[in-house]
Amino acid sequence: MAKAPAEMMREFVRSQNFTSTDEVMTAMKDMFKDILQEVMECELSDKLGYEKSERMSNDECGNKSKNYRNGYSKNDKNADGRA
């Protein structure tokens, strides 16, 4: 039988010999960062109705609009909006 997720996480934490809860949280963030990014991109594609870098046609002639997603970049601002 497969291990429960909580048991797997406990085993991971024990195997890494962390010295603080900050180290545990950093490791967890790193583990799930790529998964969460993919989930968010899928949600955005679903909400908008088109994939990243896919151009959408707005007229009957098939002319492509400039309304398309071109990816993402790192945000260099703090939570209060300052650079």
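In what follows, every heavy atom counts, from backbone to side chain, and hydrogens, waters and symmetry copies are set aside.
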To check you understand the geometry: which heavy-atom pair defines the closest contact between Phe18 and Glu23, and what is its length? CA-OE1, 3.4 Å

In one Ile/Leu/Val/Met/Phe/Trp/Tyr side-chain cluster, 4.5 Å: Met25, Phe32: no

Distance in Å, Ile35 CD1 paired with Met40 CE, rounded so as to fall on 0.5 Å steps: 13.5 Å

Out of curiosity, does Met31 fall in the hydrophobic cluster containing Val13 (side-chain heavy atoms, cut-off under 4.5 Å, transitive links)? yes

The side chain to side chain donor-acceptor pair (under 3.5 Å) partners of Ser15 (sequence neighbours excluded) come to none

For Glu11, all residues meeting salt bridge (charged side-chain N to carboxylate O under 4.0 Å, His left out), sequence neighbours excluded: Lys3

